[in-house]
Structures are given as structure tokens and as C-alpha cells.
Amino acid sequence: MIRVYNTLKGVKEDFIPQKNNEVRMYVCGPTVYDLSHIGHARSAVAFDVIYRYLKYRGYKVIYVRNYTDVDDKIIKKANEEGVSPKEIAERYIKAFDEDMDALGVSLPDFRPKVTETMDEIIRFVQTLIDKGYAYVIDGDVYYSVRRFNKYGTLSKKNIEELEAGARVEVDERKKDPLDFALWKASKENEPWWESPWGNGRPGWHIECSAMNKKLLGDTLDIHGGGKDLIFPHHENEMAQSEAASGKPFVRYWLHNGFVNINQEKMSKSLGNILTIKDALKNYSAEAIRLFLLSSHYRSPIDYSPDVLSDAEASLDRFYATKERMEKEWPDVINKKADKKKKEERLKPLIDAMDDDFNTALAIGHVFNEVNNANRMMDGAKKSGVSDEFKTALSVIKAVFGEMGAVFGVFHKSPEGYFNEKKRYLKISEDEIRNLIDERNNARKNKNWSRADEIRRELEEKGIILEDRAGETIWKVKR
RNA sequence: GGCGGCGUACCCAAGUGGUAAGGGAGCAGUCUGCAAAACUGCGAUGCAGCGGUUCAAAUCCGCUCGCCGCCUCCA
């Protein structure tokens, strides 16, 4: 049984989708006005793993992640650059897609855009007006917060205190300062769409409600996003959707924690925004993914060179072991793993993931198995190959394969992994080869000082030499 | 001010009542010409602090200290 922490209830509870085997899942995607940063990556990776895991556990998942391509910030940027909002949106959708692809984030089943959902949005607003939850003023449409008596239940906010503490500039025309815009009449130099209330564009929250209704129906099983979206975005979404349908909007609200940079919140004013593209210049996508999955998705995490190096070191260890398994015991690991034994070994991993997608614990178990595999291979070398050993090693290989597919980490070929590290090389491969040859000649002549000198020389350039039986191999260790 | 959360070894991190997973770094050993990798051993008598509940607490309760997030666009 999967258990998830539901923001709405504030506790972990059993995960039971409305339709026995089917999960309808929606995650808030980016507003495409700038390059995506490492925080977007966290949200995307966290929910990607949740998506993959639900499928792994046998659910049929319909996963939707939107692009907000109509928004104040997009318009502002477009006006600054003297280009159309459409051009801005397209540019950053492309950039976001590239980033997701680089990070190995799987494509959601649907990726709706606001511009392609306009009819549904307008109908949705009209429904809210018809039901008395919204009112029109000079071409604007506002949602009447006080009409929805559950307002504040998601973010645990008291409506009276909200009003008292409101720091937003109040639009005097609104009936209540808390009311928010469903539809905004277009101003000059703004994109607009025709509507019953005049030309205008949607407010921020209505798109998600409309997209959800269109693609997933009135009630979702999972709705996800960053913690910062709980208020006001998700609170407003819930208010809109439940007012319109009269049904519960979301069964399980899931929210991921933030990524800080050197203990500070990322923000434009601090100037410490780390884009995904910049992160990828310094670290591999897999290391970034492993870093993101090394703590629980709800905890805040701190991005720093140290923790990313830790992730790289972990990956080196994992792939060195995988390589050893493949090189030393190809016949053993290519045999089909015993199903029952596999389930036994998989159990701790499954239990961890079932418990609110505890990737950190599950990855810990992966490394327990790395240790087991190495110990068993050492043992087999010393005291012979037993059937037990063969079974266990093939099972571990299978465990790596299955969990690798869920995490989107640990799934490469060791050769491919170590080859990728060559991008950090500060010396040509030919030069390395030549130096290794020279060193091996020196070793033959027992010229140990020259041999060690070459080793040191290469080490300074981030190359580690390993003298194996009959050959010297080199690896990138930066 | 309101709401929510966090504080576990040198660093990262799991653990929500039964006696501290895992990774990195470090030290020692096996192996090696020397290394590397791997393995073995060592490493928190204690989980911010102080009290309390309990046969038993990192885990529950209370207080104190420190840190953070949301309340306004934000993953």
C-alpha cells in the first residue's frame, strides 16, 4: 500500500485512487518567461519519479503538466525585447523541454498550454458566474472568495486574518479585497481573446482548473507542485474547481520542498538563480538527478559544490560495481533472476518508495546492495562460485535494473557512464595512452620512480590509473 | 502578527515508541612494486538544550535556543 503525505489533511494517508487502478495526476508546470532553474528541476524530477513509480506499481497513470504561456511576466518580457509574447513563450518552452530531456524527465501524457485551452477557460469562468461565484466589473471577472466556505482549508489560512494582513494593493472595484481575477480585460499592448465580457485574457489560476477539467475530469487523484504554490495558487484553483463542479477537486495534494543555494533561497533579487543549463555545465544530469533524489522530496535541500561532488562519487561507486559485475560475471548476471528472490530483495526498496516516495531511503538500500554485490564477488573469487552466489548476483542486477528505471538514475551502461566523464578531460586520450605505455615500460624495467611520476602527473589532471590483471585502465576522477 | 516546517557524526542523509540505514571524507588492515578499486575493522553511549510521560524516546508532551518557508509573483 502506497502512503502519501496529503497537504490538505496534513498527514500521511493510504493512497487510494478514485478509480481502482487508474491515477489522474496533474502537476503545475513552468511559466515560460525565462530559463528554468534548479528548483523547477526538482519539482519535475520529483514528480517524474512519482509518475514512474506509480506505473511501476501497476497503475495506469494519466499525467498532465501544463505550460503557462499567457502571463504578466511574459508580456513584460516581450515588451522589453520588442517581440511578441508568443515568441517569448515558444522560446522558453523549447528551453524547458531541452532541460527536461537532458535531465531524463519523462514526457507527461498531456502538456496543455493556456493558449490552447481558451474556450474551456471561458466556459469555466461563465459557469462560475452562472453559479454566483463570480462577478463582472468593466470587463474583468472576479471570484468571490467569501462565497466559497471552504476557502483556506488547503493552505490552513483564516480568511479574516488574510484580509487583515493583506498587503496587496487593493483594487477598489472588487467587492472584497480577497477576491481574485478570473479574467482580465486587455490593456494596450497585451494579447487578448474574445469573451462574453469583452476582449481580455485569463487570470493566473483559472487555466489549471480548466485544463484539469478538460483532460482529467472534475476530480484528480494527485495534484502536485512546489510548496510555494499552496497559497494562493492551489487554494484558488480548488475554490474555482469545487465551486464549479460541486465535487472534491483533488484527493491528494503533494508539494515538493525548495532548493536553496549555499543556504540561501534562490531569488532574482539575490542574483543567485541557478539555471538548469548552468548546472549541467558543471555536473552531469545523472549527478543532479541523484542529488535531487538523495533527500525526501518534501524537505528543503541545499545545492552546493560539495553535495554535487558527493553525488558524483556515489555514482562512480555504483557504476564501478556494475562494471565489475558485467565484466567478471557476465554469464551469471545475464541469467533471468529468480522471481521470488528478486521480490525479497526488492522489498525494502518498495517499502521505502511506498512510504511517501522515500527516494533517499530507497537509494540507501541500493548502496546496501552495491556492498552486497562486491562482498559476494570477492567471496566467489576466494572460495568458489556457489549456486547461491549466482542467484543472488543475478537478482541484484535485476534490482538495479528495476529501480534504475524508476529513479532515472543507475540505468546507464558502465561504459557509457565512464565515457561521459571524459568531457571533463584536460588532456587527450592519446596522450593518456602514451603515458600509460611509457609507464608500463618503466614498470617492466622496475623503474618505479618514473612509473610513479607518471601516475602523479595523470592524477593531477584528474586521471586515476588502476593496474588490473594484465592491463592498466584509466578513469576520470576530477 | 498568523500558519507550516526544520535542527541526527567532519559533510550529505534515512529513521515518528524498542535501543542510531546509506554515501562522501578520515584512520588502520588485507591486496599491490607502490597505488587505485574492493573488502574488513574503527568512528554519534547519543540524535539543538532542558524537563516530563513510558518498562523503553531521536521518535510522544511541555518549555527554551537557533534556522527556514508561506502569508505578495515564485518550483
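Just so it is clear, the values below take in all heavy atoms, side chains as well, and ignore hydrogens, waters and symmetry mates. A, B, ... follow the sequence lines: proteins, then strands. Residue 1 opens every chain.
Here G379(A) lies out of heavy-atom contact (under 4.0 Å) with every strand. In this structure, M266(A) reaches the bases: a heavy-atom distance under 4.0 Å links it to at least one base atom across the strands shown. Nucleic acid contact class of N358(A) (heavy atoms, under 4.0 Å, all strands): sugar-phosphate only. Using a 4.0 Å heavy-atom distance criterion, K227(A) is classed as making no nucleic acid contact. No engagement by R298(A) is indicated, since no non-hydrogen atom pair under 4.0 Å with the nucleic acid exists. Residue G39(A) is classed as a base contact, given a heavy-atom separation below 4.0 Å to a base. Using a 4.0 Å heavy-atom cutoff across all strands shown, V366(A) reaches no nucleic acid atom at all.
Salt bridge annotation for R111(A)-D97(A): present, with a cationic side-chain nitrogen under 4.0 angstrom from a carboxylate oxygen. Under a 4.0 Å N-O distance rule, the pair E343(A)/K347(A) does not qualify as a salt bridge. Under 4.0 Å is where a charged nitrogen must lie from a carboxylate oxygen, and between D378(A) and K382(A) no such pair does. We find that D316(A) and K421(A) are joined by a salt bridge, their nearest charged nitrogen and carboxylate oxygen being less than 4.0 Å apart.
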In the 5'-to-3' direction, what one-character label does each nucleotide of nucleotides 19-35 of chain B receive under the scheme B = base within less than 4.0 Å of a protein heavy atom, S = sugar-phosphate only, - = no such atom? --BSBS--------BBB
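More than 12 heavy atoms of other shown residues, nucleotides or ligands fall within 6.0 angstrom of atom NZ in K422(A).
Between G43(B) and G5(B), the distance separating the two C1' atoms is 31 Å to the nearest Å. The C1' atoms of G4(B) and G46(B) are separated by 29 Å, rounded to the nearest whole Å. Separating the P atom of G23(B) from that of G17(B) is a span of 26 Å, rounded to the nearest Å. The same atom, C1', is picked in A38(B) and in C50(B); the two are 46 Å apart, to the nearest Å. C47(B) and U16(B) have their C1' atoms separated by 13 Å, given to the nearest Å. Here the separation of C65(B) from G29(B), taken at their C1' atoms, is 44 Å to the nearest Å. For G66(B) and C27(B), the C1' atoms lie 33 Å apart once the distance is rounded to whole Å. For the C1' atom pair drawn from A48(B) and G2(B), the interatomic distance equals 26 Å after rounding to whole Å.
Both distances falling under 3.5 Å, in either a Watson-Crick or a G-U wobble arrangement, place A28(B) opposite U40(B). Across all strands shown, G33(B) forms no Watson-Crick or G-U wobble pair with both distances under 3.5 Å. Across all strands shown, G52(B) is found opposite C60(B) as a Watson-Crick or G-U wobble partner, with both distances under 3.5 Å. Nucleotide G66(B): paired with C6(B) (Watson-Crick or G-U wobble, both distances less than 3.5 Å). C73(B): no Watson-Crick or G-U partner with both key distances under 3.5 Å is found in any strand.
Each of K157(A) and K475(A) has a nearest nucleotide on RNA chain B; the 5'-most of these lies closest to K157(A). Between H37(A) and S155(A), the residue anchored closer to the 5' end of RNA chain B is S155(A), taking for each the nucleotide with the nearest heavy atom.
The side chain of K265(A) places an N or O atom within less than 4.0 Å of a non-bridging phosphate oxygen (OP1 or OP2) of C70(B). OP1 or OP2 of C39(B) sits under 4.0 Å from a side-chain N or O of N374(A).
The side-chain contact (heavy atoms from CB on, under 4.5 Å) search around T321(A) returns M325(A), V370(A), A373(A), N374(A), M377(A), not counting sequence neighbours. Shown here are the side chain to side chain donor-acceptor pair (under 3.5 Å) partners of R375(A), two or more places apart in sequence or in another chain: N371(A).
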Under the side-chain hydrogen bond (donor to acceptor under 3.5 Å, both in side chains) rule, what do H233(A) and E237(A) come out as? Steps first, then yes or no, please. CA-CA 6 Å; H233(A) 184 53; E237(A) 234 182 287; 3.1 Å; yes
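If you check C39(B), A14(B), A75(B) against the side chain of S299(A), the one that comes closest is A14(B). The side chain of D378(A) lies closest to C39(B) when the candidates are C73(B), A14(B), C39(B).
Both the sub-6.0 Å distance and the 45° axial angle are satisfied by K475(A) relative to the ring of F418(A).
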